[in-house]
Asks: 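I'd like to ask you about the structure that follows.
Protein chains get the first letters and strands the later ones, always in sequence-line order, with residue 1 at the start of each.
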Amino acid sequence: MLPKELRESLKDHIANIDHPRELAVDVMFTLQDHYGYLSDEAVKEAAELLEMTPLEVDEIATFYTFVYREPVGKYVIHVCDSVICWMDGYESIKDCLCTKLAINVGETTADGLFTLLPVCCIGYCDMSPAMLINRKVYGHLNPEKIDSILEKLKAEA
Amino acid sequence: MSKLIIDDREIEVSPGTKVIEAAAQLGIMIPRFCYHPALGSVGACRVCAVKFIQGPFKGVQMSCMIDAQDGMVVSTTDEDVADFRRHVIEWLMLHHPHDCPVCDEGGHCLLQDMTVSGGHGIRRYLGKKRTYTDQFLGPLLQHEMNRCIHCYRCSRFYQEYSGYRDLGAMQSANRTYFGRFTDGILESPFSGNLSDICPTGVYTDKPSRYFGRRWDYQRSPSLCINCSLGCHTVASIKYREVKRQEARFSEPVNGYFICDRGRYGFFYSSLESRPRMARINGKQCTFNQAQHAMIEKLEEIKKNSGSAAIAAVGSLRSSLETLVMLAQLCQTKRWRDPACFIDSSQVQNVKTAISRLEPQLRVSLRDIERADFILAVGADPINEAPMLALAMRQAQRNGATIVVIDPRPVSLPFPFLYLPAAPMALSAYLGSLIKAVVNRGTADKMGDGARKFYDRIPEGKKLAEAQPPLSSEMLQSLQQSRRPIIVCGTEILSETVLSLSADFALLLQAAEKQAGLFYLMPGANAFAGGILSGEKDSFLQIIEQIEDGSIRALISVEADPFWWFDDRPRLERALDKIDLLVVLDYLDSQAAQRANIFIPTATFYESGGMLINQEGRVQVAPRALLGGIPISQAGGGDHPPRLYDVGIAGFDPKAAWLTLADLANGAAQEDEKALQQHLWKQISDLIPQLATFSSIDEIPQEGIVCSCGVNIDSRFSINWSAASNIRHDSGDDFDLIEVDWTFGTEELSSLSPCLWKLERKPCLVMHSGRAEIIGLTDVDLVEISTETGSLEAELRTADNMAPGILVLPRHRKLAWQIFTPGKIRIRKDQIRKKQ
Amino acid sequence: MAEALEAIKALATGFATTFKHLFRKPITEEYPEFKRTLPERTRARIILTRDPDGGERCVACYLCSAVCPVSCISMQSAEKEDGRRYATWFRINFARCIYCGLCEEACPTSAIQLTAMFETCERDILTLVYEKEDLLVDHGGKDKEYNFYKYAGVVTQEGGKGEHIKEDKPVNVKSNLP
Amino acid sequence: MDWIIGIIVLIVKLGLVLVGLLLLAAYLVWVERKFLARLQIRYGPNRAGKFGLLQPIADALKLMVKEDTVPEAADRILFLLAPAVVATSALLMFAVVPFGSHLTLWGKKIPLVITDLNVGLLYVFALSSLGVYGVALGGWASNSKYSLLGGIRGAAQMISYELALGLSLVPIVMHAGSFSIVDIVNAQAKYPFILLQPFAFVIFIVSAMAESKRIPFDLPEAENELGAGYHTEYSGMRFGLFFLGEYVHMQVLGAFVAVFFLGGWRGPLLPAPVWLFIKIILVALIMIWIRGTLPRLRYDQLMAVGWKVLIPAALLNIMVTGAILLI
């Protein structure tokens, strides 16, 4: 269940807008931040808040890459899987991440810290190969850099 | 008009016509998956590719996306496009499973046809196929997502066209999934159409699952008799039973779709419990024995008590033939005139509606889709006539404002403006709407009567009492509308409101709007019943005459008073009192079980016949099957018996009108052809519009709209003083209204086992505020006790309804028949919470 | 004249040939005493075979009855509890059958097969109407290996979604992967 | 008293001949099937009895038991009459065939011929022509396309070959100086006429085969074109009568070949009727051999052979014979 304050603030937010639907993604992100991922329960709550049916919310939720319908780790690594990054060594970056974290693409580490997901172009071609970790960009990646990033995050966790 | 050349043939089409449609007009069927005339174009599937050789477009383009324009030269057979289509189909087929033999769509599958005709005969892709898990979607549809080709027809129909929101497309790209959020029964009462609309076998018909192939079915055009709209259907018959029903395209009536009540409402015709043999006092006998016994007994009663002691009841689900024959029989035998309606108010309502359906006012279901303002008065579309709701949804999608003024908690699959008005207040609302939209000068144009009528519309205080008030939004959109339509139910209203609606529509026309009038009626053939009935001929009157001893014998033709008569104890007492009850029916109704003489009749599928829908449209359905016990029953579950026999078991029943004709002729079996001709003369005398045809076969498919019974003199003649006398809601008692629901309350469809799961639980609906005052809450079990009996049901509370109303559905699972016929008031203290 | 001679010669050759035949041993194989083994693909009495697991192959898809030029096949399909489509009854009227073999060609599951058993003469024509019990055999006939339900995507005891031959795991609609 | 004995003797003779003919017809079928089978390296009937000897009886029984259907659109009376005409006309022809000179019983001379007509030959032709009615009427009365075609073909064919048949025998009559069959046989006491008239013999045997509608002249019934032609619509014993007629006809022709060309019943050592029997069988075997060898003619070929070859040849033969006799 959502905490009351959060619920009320969302409701206020929605009340101020003509078509509640417009806020669907925002509401989903809020719920996702709260729950860690958008659970079935969260979809139903979002539907209720937005005056939509759970299906309509799920149609949007399953469509977007950054809305997680399945549990993810604390840090979600979106490694860019598009043309420019391919040219600049996406394969090795992905492989490096996989070996470092000892997981495959789409999986979460056993300690629940990292989830590795490929993503279509995130718009940081200038810094390719790039990745996003919890909405923060890391560019010009190489194995050493990845090491240090991961170490840093592990330490923070 | 634009002129273009398609495959070397020239055609002229109206602007806005897509090339794919223009080709269809030439009889060229361009392959399509995502395109559907009712759903429009999206250009998703890419198989309707054609080559534009000259004109504003060049090269391979999608024919569903491009409007036909002057000077276009189009080839549908060009090598480029044939190759293009072949590849597209190959891509669509990549993941399609190898399960055609066990797929019910096989045999009428668009994808199958296109694959074979498109030239993709052998699969080249040898990789692994994508699969999906399926969902349980309720008792009507089987889900098999593996077969999906992502044309989006289902979600477009479900969400955009019909307005329901629990089925749609999830995920993206190669993993797009069509389904619900979780397993569960689909909410839409139009979900059956998904099996028609899906170009392959993702949604297949569950009740007929694994039963047969399209080519083995005898498919016959038919008509739906589960409500008054008269939608066109195709009945699929195999091994002597109707097994499946689909929508049949009809321009003026139902378009491409039908509702689930109509689609699955046919199971009564092949129930194992359907009586196939005649009975005398409960004992089975031959058809002739029963017929002779009936004639003998009737003769005896005539001798002892005179012919007026014999009465007949008809029903609104009988064909026009049967109703006409019954009326003629009663006339020649000098019996009492037959009654088709429950009480005089129902007769008068229907007769009023018929008399007010003037040709320039009357609109078809298709016209409703084109309206820009719809006012529904005392009508609950989704429950009374679901296809009306679908038509209204189309109007709403096109920007129409929908206003519903009704005491019930009405819900529709789209946004609408709702006024919860008590039935008595309806005329006041209409009056003030007239005042607001039509000015006196306009009324004056219509003549003296109209002016007087306009002047007498009560102003001021009394109207102000009507709560809640009309919103300015309603008035504004009505004022701005160009094609307003008034939809008016006949079940819970008084005839004043019906008349008033018609007058309103006339005045709107005088105000230079293309106004229309659309009535709903209480049964499939209520229009015909209304033409044939006298002002006072009602079943209630028959009961009264039985009680005073003047009626000694009752013939019930395809009618079951036990189903619809309010006061069952009184009915039983009355039936005990008479000497003879003859029942002609195809249902194993309670009346049939009680009958002294029972004669089986043929269902509408077995007899065919004419129906007049609520619009006055005379429509014909041919005989779809000959009858007889279905083979699945004859074999007792095992293979059918090997008999070389000419006769078919259970073949006795014949159309009710034939039995009645035999009765009229004293069982002298006349030639059926001659009888038919004689009957046709009777019918064409009754309906002048049919006089130009020489036989039933000449009536066109879309029917003939008749205007018999129209009475222009009844314009602007309502009694305002009675109509405006709004009873103040004291808060102490309730007006009880008996209503229909989509499923579970209609006589025939409630015999369909597959629809039982879709029925809502029987309940009493009360305004939540009023329930709170009495101390009742939602889902309480309550008991209503009246002088004539008591009734237990769950209570449901609702906010969106008139407070002084108690809504009771005539649910098949509820013995609701405990009331005195007529207007029913329930006092607060008659409602008690049951523990 | 030469023509006439030629004609006479031709006639004489003919007569001589037939005359010579008089003294040859007839080549007739006398049937009930001598039964020749027929080729495997001989088209005679029809059987319904089973898949290697012993399940009924027939899925009652109606293709054989549709293709039958003399309409001698009739059946009723239904669903078993395990999801298999099968024939509740299946009837071939051998009094009508012309052994054309179109049913075998149409059968998508290799269920219906023609065999070399041709001795089906009966005195009572009704005994030529064979029911499913009479038609069903406990082997795979000419096609020993095929098992339709191992390929079809439908859920049966042979496999759930994604467990059939050449199938991927079912799509996870909620998957985070793009 | 004499006339009573005469009648008794006649009846006995008739009975014997009739039974003999019918039995022989039945077994001729067997012989034909057997012989034909061997010509085609088959066995022929060998199931009913030893060597299939009971086959004709089985066939006869079957034909008699089978349903006798009359088509709805047929001319009923003619339809029923036609097979009888064919069978009787064939049987009646045998009345003039002598099967021996005479028998002396109780001092009475009984001629071994049913009746010795002085115009026996003409009688034979008359009856032979009557047979056409059976075919033509049967074909017409069936009211079927195939039957009608068969009937017409039959009529045309038989009329055509009747001429050649008759003309071929004129030299014989010239030699014998009599129309009486008995006289003709007696005229061959020294040598059979085949030696004098080999051409007439060939013409006669060809025409005779055409008369009896046997392969290669079976155009009226041509199975693969007309589906049995004039008797397409016949079944049961009525079909049997056509069948019987054909085989009796075969014997009759065999008998006439014997009588006109092979010296009739004359022969050394064996009794007279046995010689006749042997000669009949011999002719029959030849006819079967022809059937087993030659294919059916085309209709135009049939007519050409009849009109353009046989009749001129027969006329020529008459002239030559006349000339020789004159000289």
Side-chain angles (χ1 to χ4, degrees), chain B residues 95-104 106-107 123 125-135 142 144-148 169-182 201 206 208-217 238-239 630-632 635 637-644, chain C residues 57-67 74-80 83-91 93 106-109 111 125-133 148-156 159-175 177-178:
Chain B
H95 294 292
H96 196 81
H98 179 77
D99 65 353
C100 296
V102 294
C103 173
D104 269 333
R123 188 188 289 276
Y125 171 70
L126 297 173
K128 286 187 164 186
K129 292 180 191 172
R130 173 200 58 215
T131 61
Y132 294 103
T133 42
D134 301 327
Q135 285 182 331
Q142 178 75 30
E144 186 68 54
M145 259 309 287
N146 282 3
R147 298 171 187 152
C148 185
M170 289 177 278
Q171 265 293 353
S172 61
N174 192 31
R175 292 181 296 178
T176 312
Y177 185 86
F178 294 90
R180 285 171 48 90
F181 180 61
T182 50
K206 213 176 205 176
S208 70
R209 179 159 161 86
Y210 286 176
F211 189 81
R213 292 269 175 230
R214 172 68 70 91
W215 62 72
D216 279 335
Y217 284 123
K238 194 184 164 204
Y239 291 148
I631 284 182
S632 60
D638 204 355
H639 46 68
R642 303 181 198 176
L643 287 173
Y644 290 134
Chain C
R57 265 182 179 158
C58 176
V59 298
C61 69
Y62 291 96
L63 282 177
C64 52
S65 72
V67 81
S74 56
M75 77 194 83
Q76 179 55 62
S77 54
E79 188 178 3
K80 269 191 181 151
R84 283 172 86 112
R85 186 181 162 126
Y86 80 114
T88 45
W89 53 270
F90 191 105
R91 185 177 280 177
N93 185 349
C107 185
T109 63
I125 201 158
L126 264 185
T127 51
L128 280 171
V129 179
Y130 279 47
E131 299 293 349
K132 189 167 132 184
E133 306 81 277
F148 171 76
Y149 282 109
K150 285 222 191 295
Y151 295 87
V154 295
V155 179
T156 62
K161 291 285 177 178
E163 292 168 10
H164 302 96
I165 291 168
K166 283 200 179 152
E167 272 191 351
D168 263 335
K169 288 243 142 34
V171 166
N172 177 7
V173 177
K174 293 175 187 169
S175 168
L177 288 165

Asks: In terms of heavy-atom pairs under 4.5 Å with chain C, which of B:Met145, B:Lys238, B:Arg147 leads?
Replies: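 Top option by heavy-atom pairs under 4.5 Å: B:Lys238.
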Asks: Is C:Lys132 close to chain B through its backbone or its side chain, or both, or neither, when contacts mean heavy atoms under 4.5 Å?
Replies: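 No part of C:Lys132 comes within 4.5 Å of chain B.
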Asks: Please classify the contact between C:Tyr86 and chain B as side chain, backbone, both or neither, with a heavy-atom cut-off of under 4.5 Å.
Replies: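 No part of it gets close to chain B.
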Asks: Output the option from C:Val129, C:Thr88, C:Val59 having the highest count of non-hydrogen pairs under 4.5 Å with chain B.
Replies: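 The answer is C:Val129.
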Asks: So which part of C:Phe148 gets closer than 4.5 Å to some heavy atom of chain B, the side chain, the backbone, both or neither?
Replies: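 Only the side chain of C:Phe148 comes within 4.5 Å of chain B.
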Asks: Who are the salt bridge (charged side-chain N to carboxylate O under 4.0 Å, His left out) partners of B:Arg213, not counting sequence neighbours?
Replies: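 If we apply the salt bridge (charged side-chain N to carboxylate O under 4.0 Å, His left out) test to B:Arg213, skipping adjacent residues, there are no hits.
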Asks: Measuring only between side-chain heavy atoms, which start at C-beta, is B:Gln142 closer than 4.5 Å to B:Asp104?
Replies: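 The answer is no; the side chains never approach within 4.5 Å.
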Asks: Do C:Val173 and B:Arg175 come within less than 4.5 Å of each other through their side chains, counting heavy atoms only?
Replies: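 Not touching, per the 4.5 Å side-chain cut-off.
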Asks: Is atom CD1 of C:Ile125 surrounded by more than 12 heavy atoms (other residues, nucleotides or ligands) closer than 6.0 Å?
Replies: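 No - once you tally the heavy atoms of other residues, nucleotides and ligands closer than 6.0 Å, there are 12 at most.
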Asks: Please rank C:Ser77, C:Gly153, C:Ala152 by heavy-atom pairs under 4.5 Å with chain B and give me the top one.
Replies: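 Sorted descending by pairs with chain B, the first entry is C:Ser77.
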Asks: At what distance, to the nearest 0.5 angstrom, does CZ of C:Arg91 lie from OH of C:Tyr130?
Replies: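 So the CZ of C:Arg91 and the OH of C:Tyr130 are separated by 14.0 Å.
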Asks: Do you know which of B:Pro97, B:Gly212, B:Gly179, B:Ser632 has the most heavy-atom pairs with chain C at a distance under 4.5 angstrom?
Replies: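 Option with the greatest count: B:Gly212.
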Asks: Distance-only, no hydrogens or angles: does the C:Thr156 side chain make a donor-acceptor pair with backbone N or O of C:Arg84 under 3.5 Å?
Replies: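 Flag not set: sc C:Thr156 to bb C:Arg84 has no pair under 3.5 Å.
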Asks: Contact part of B:Tyr132 toward chain C, heavy-atom cut-off under 4.5 Å: side chain, backbone, both or neither?
Replies: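 Both backbone and side chain.
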Asks: For each of C:Ser65, C:Ser175, C:Ala60, C:Gly160, tally heavy-atom pairs with chain B at distances under 4.5 Å, and name the one with the top tally.
Replies: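 So the answer, after comparing C:Ser65, C:Ser175, C:Ala60, C:Gly160, is C:Ser175.
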Asks: At a heavy-atom separation under 4.5 Å, does C:Glu163 approach chain B through its side chain, its backbone, both, or neither?
Replies: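 Contact with chain B is absent: no heavy atom of C:Glu163 under 4.5 Å.
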Asks: Heavy-atom pairs under 4.5 Å with chain C are the metric here; pick the option from B:Arg130, B:Arg642, B:Gln171, B:Lys129 that has the most.
Replies: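 The answer is B:Arg642.
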Asks: For B:Thr176 and B:Ala169, work out which heavy atoms get closest and say how close.
Replies: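 Closest approach of B:Thr176 to B:Ala169, heavy atoms only: CG2-CB, 4.1 Å.
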Asks: For the candidates C:Ala87, C:Cys107, C:Gly162, which exhibits the highest count of non-hydrogen atom pairs separated by less than 4.5 Å from chain B?
Replies: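 Option with the greatest count: C:Gly162.
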Asks: Return the option, out of C:Pro108, C:Ala78, C:Ser74, with the maximum number of heavy-atom pairs under 4.5 Å with chain B.
Replies: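 Heavy-atom pairs under 4.5 Å are most numerous for C:Ala78.
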Asks: Does B:Tyr210 have any ring-ring contact (aromatic ring centres under 6.0 Å, His included) partners at least two apart in sequence or in another chain, and if so, which?
Replies: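 Counting only residues at least two positions away or on another chain, B:Tyr210 forms no ring-ring contact (aromatic ring centres under 6.0 Å, His included).
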Asks: Give a yes or no answer on whether the side chain of C:Glu167 reaches the backbone of B:Thr131 with a donor-acceptor pair at less than 3.5 Å.
Replies: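 No; judged by distance alone, with no hydrogens or angles, the pair does not exist.
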Asks: Tell me, side chain or backbone of B:Ser172 under 4.5 Å from chain C's heavy atoms, or both, or neither?
Replies: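 For B:Ser172, no heavy atom lies under 4.5 Å from chain C.
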